[in-house]
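Each remark here refers to the structure printed beneath this line.
Per chain, numbering begins at 1; letters A, B, ... match sequence-line order.
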There are 2 protein chains.
Amino acid sequence: MANQIEKITPRDVNFSQWYTDVVKNAGLMEYGPVKGTMIFKPHGFGIWELIQKFADIEFKKEEVKNVYFPLLIPEKLFKVEKEHIEGFAPELATVTKVGDKELGENLYIRPTSEVLIADFLSREIKSYRDLPIKYNQWANVMRWEKTTRPFLRSSEFLWQEGHTFHASREEAKKMTLDILEIYKYIANEILLLPVIFGKKTEKEKFAGAKETYTIESLMYDGQALQCGTSHYFEDNFSKVFNIKFQNKNQEEENPYSTSWGISTRLIGAIIMTHSDDFGLVLPSKIAPIQISLIAINDFVEVIQTCEKLKSMFELKYRVELDKTDKSFGFKISEAEIKGVPIRIEIGPRDLKNGVATVSRRDLRTKEQVEIEKINDYIEKQISEYDKNLYNKALQHRKNLTFKANTLEEYISIIDKNPGYVLVPFCGEIECETDIKHKTSTNSRCIPSDIEQINSICFNCSKKSSLMVYFARAY
Amino acid sequence: MANQIEKITPRDVNFSQWYTDVVKNAGLMEYGPVKGTMIFKPHGFGIWELIQKFADIEFKKEEVKNVYFPLLIPEKLFKVEKEHIEGFAPELATVTKVGDKELGENLYIRPTSEVLIADFLSREIKSYRDLPIKYNQWANVMRWEKTTRPFLRSSEFLWQEGHTFHASREEAKKMTLDILEIYKYIANEILLLPVIFGKKTEKEKFAGAKETYTIESLMYDGQALQCGTSHYFEDNFSKVFNIKFQNKNQEEENPYSTSWGISTRLIGAIIMTHSDDFGLVLPSKIAPIQISLIAINDFVEVIQTCEKLKSMFELKYRVELDKTDKSFGFKISEAEIKGVPIRIEIGPRDLKNGVATVSRRDLRTKEQVEIEKINDYIEKQISEYDKNLYNKALQHRKNLTFKANTLEEYISIIDKNPGYVLVPFCGEIECETDIKHKTSTNSRCIPSDIEQINSICFNCSKKSSLMVYFARAY
């Protein structure tokens, strides 16, 4: 178990190894017995539980209702939407028998649930009175991936998938964007990931969608990570699955739908954005342990003071006081490697002086604080801790955000510094395929908050009306 | 959708049809496209979310940590524990290929996760310092059932499975019983199911367990339903999976383990205990909607009063104010069929008199209540509503609980009245198999709160030291 804390490879020496070392040493996960699967250990799952809590509150404000659809999708149902099956076919885990008995038809473990939900709603929706339908499910899905990496890409992952159906284009479009706002809020305010956001290009949008919106985050190594997407389908899925409703004018119409999701991949984004050579660093709001109290010895007075502080802090924070006989040195290392934002050490000498020693995980400084004033002190420190994490990440992103007007400029930037490069782009699928082929990079988004100007495509030199972020990505 | 509320078959005419009618008309579920699977609609999943919330709080008080283990179990791992594989083999949904590619080995969709967790912990546990391990996961599992029934028995269901490992027999045994206490609390206080509880007989205990404890509930039709089980494995799984720890005396020992679970089957228990010929009746604590506000027309003053009441009630309750253009008659039927505990109707005449019309779902009476005093009134009514549901169920159970000393007596009771029958029983597996064969009934539990006396087995006439509840069961 975490009794021996192993060494972590420095981040700048080998980023990929550093990531694996942090993930393992912080006790977030272990590999499952089936290739590409993973076990979420308590500390890793604890982060996901907190992300779920924050996101679920926001979804419920939008009157989204949680549901649960079956794990297995019959082959014939999956085949109804062509782009959809083409996109997922090679990754589908397939149940063919039960016990010794062969089943008559292939059953796919869901890679996503659009078809199940659309099929169900084709029987459920009849009138405009049945709309809007706003469903969400927190579920496991499977996409059999060739190369896997903890949290970022695994055969099975956990996510939420929202699916909504509306009586008008405008309402569905608004839903798509309202969800994007929720995702921005979760990323920026809760996970302290300063995301860029906007529409996906034609090439990068979701199979079957009319428009895909995304939030994208930049990792420490300068590679981008897609952190959440919100799709507007118009009436595509409704038509294909023959979902109809009678509108207020007694006419038959196909409803307009959306889908949207965030996943346990966000845990990977948090790690690769905030953590350091000493282990995990976690935003306070999603840290399963926010304060770790450590008694430097087992004198009664020391333990009593720790217990008293624990009771006080528990009213507002998630606090841990490890009373096992592990050494206090070990407990300190463990708090550090697990990314506990605030560590408070109390020894007999501190007690005599009425103080405690407080360390912030981001700064790794130690401060003597009067126990009388510790409550206010911690509150202030946690708030500054979060600000510091966000600002560091934002600064890092700014440092790694570039502009280019020609392919030559683009390649010279990408070769020197990974990061975002804002370019004028024609938006054509063929042109983007060509860029991917030449540079192993692709578009991340057409940013909503940057002026879109007419120019000349940096790759094909045709007329361009889009300003687009490109990057190497996970 | 729920726009046409269909007729519900009376409960006493055809209990099974009544159950299906309630489940469907209350909008709890629909069947999935794969035989034996089900779709949890918002109202059905909402009940499960609330059960989860209450149970999770209690688990966390016991310092249980949530985790997530993979969905798929390799065949060879599953085969390690013999009784386990024998118990589950015919029900295992098996993944044999991904896309067009055959896999080298069969992968089972988990029917439960003992083997995954034990295998993982065999690498994780080293010292007494690593113990106790207290894991829980909220997950989907599959057991391919021949006959299925919504919530009670479906190929895929949702549950929590707890798995703990301890350094001593005593601690593990205590954990098993502490969880039983939590299950009793959830059943009695939250779901208002007056359960009986105790140990399972040798024949009925879980495959591989040393002891199984259970809570059992009696449905309206007099059949019993197992509602939650807590298993004590001693060091059985630890030995089989070679899990070892160094104890405080530096000796190697196998840890002692438990597992325990409750599932979406509880929703079935709630329905079959509390509901009536008018639809669903839900305990207030797990009712997704606790108060339904209905405006009798769309006069501004009426709507405004409803909105004001909604804002007030929202601070304490889950309230719904349906502002669609459905008729108020329809809205009233819907609140009733969906089991909303309190319905408040407000019309212009009520307003003039400063009153609202309040109905309790259990009594189906209407009362005029001064709006000024409505907050206190509702609080009192909800408390009495819950008491009434519990007491009715308890009375029903008492009416259907019998005693027998001989098989003859036993059969004459079972033939006349289904229900619990307390009998002196030898405890032998062969004898219980014989009883099952003769009567289609089996033991439910050896009650912990009833004196165990020496007597003569009601079936085989050998010496008996157990008093056991038998019943027909779901």
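If you measure heavy-atom distances from A:Glu91 to chain B, the contacts under 4.5 Å come from the backbone alone. Heavy atoms of A:Leu72 lying under 4.5 Å from chain B belong to its backbone as well as its side chain. Of the two parts of A:Leu116, only the side chain, counted from C-beta on, holds a non-hydrogen atom closer than 4.5 Å to a non-hydrogen atom of chain B. Heavy-atom distances place no part of A:Phe88 under 4.5 Å from chain B, backbone and side chain included. Neither the backbone nor the side chain of A:Met29 comes within less than 4.5 Å of any heavy atom in chain B. With a 4.5 angstrom heavy-atom cutoff, A:Leu107 touches chain B only via side-chain atoms. Contacts of A:Pro90 with chain B are made by backbone atoms alone, with heavy-atom separations under 4.5 Å and no side-chain atom involved. For A:Asp322, no part lies under 4.5 angstrom from a heavy atom of chain B. For A:Asn136, no part lies under 4.5 angstrom from a heavy atom of chain B. Contacts between A:Asp100 and chain B at a heavy-atom distance below 4.5 Å are absent for every atom of the residue. For A:Ile117, no part lies under 4.5 angstrom from a heavy atom of chain B. For A:Ala89, the part lying under 4.5 angstrom from a heavy atom of chain B is the backbone only.
With chain A as partner, the option from B:Leu71, B:Val34, B:Thr37, B:Thr324 having the largest number of non-hydrogen pairs under 4.5 angstrom is B:Leu71. Ranked by heavy-atom pairs shorter than 4.5 Å toward chain B, the options A:Leu158, A:Leu121, A:Leu77, A:Val98 are led by A:Val98. Across B:Tyr68, B:Phe40, B:Phe45, the residue that shares the most heavy-atom pairs under 4.5 angstrom with chain A is B:Tyr68. Of the residues considered (B:Gly32, B:Pro74, B:Gly46), B:Pro74 shows the highest number of contacts with chain A, using heavy-atom pairs under 4.5 Å. Across A:Asp119, A:Leu92, A:Ile109, A:Ile73, the residue that shares the most heavy-atom pairs under 4.5 angstrom with chain B is A:Leu92. Chain B forms more heavy-atom pairs under 4.5 Å with one residue of A:Gly44, A:Ala139, A:Ala93, A:Ser154 than with any other, namely A:Ala93.
Contact of the A:Leu131 side chain with the A:Ile125 side chain is registered, since non-hydrogen atoms from C-beta on lie closer than 4.5 Å. Side-chain contact between B:Tyr31 and B:Thr148: absent, with no pair of heavy atoms (C-beta onward) separated by less than 4.5 Å.
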Intermediate values then yes/no, side chain to side chain contact (heavy atoms under 4.5 Å, CB included), B:Asn66 and B:Asp56: CA-CA 9 Å; B:Asn66 284 339; B:Asp56 207 66; 3.1 Å; yes
Steps toward side chain to side chain contact (heavy atoms under 4.5 Å, CB included) verdict (A:Ile133, A:Lys65): CA-CA 9 Å; A:Ile133 296 271; A:Lys65 307 276 186 197; over 6 Å; no
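We find that A:Glu49 and B:Lys60 are joined by a salt bridge, their nearest charged nitrogen and carboxylate oxygen being less than 4.0 Å apart. A salt bridge links B:Glu307 with B:Lys323: the closest approach of a Lys/Arg side-chain nitrogen to an acidic carboxylate oxygen falls below 4.0 angstrom. Using a cut-off of 4.0 Å between Lys/Arg side-chain N and Asp/Glu carboxylate O, B:Lys41 and A:Glu124 are scored as salt-bridged.
A:Glu81 contributes atom CD, which lies 9.5 Å from atom CD of A:Glu114 (distance to the nearest 0.5 angstrom). To the nearest 0.5 Å, the span separating CZ on B:Phe157 from CZ on B:Arg143 amounts to 4.0 Å. Atom CD of A:Gln246 and atom CD of A:Gln250 lie 5.0 Å apart (nearest 0.5 Å).
Without hydrogens or angle criteria, A:Arg110 side chain to A:Asn140 main chain gives a donor-acceptor distance under 3.5 Å.
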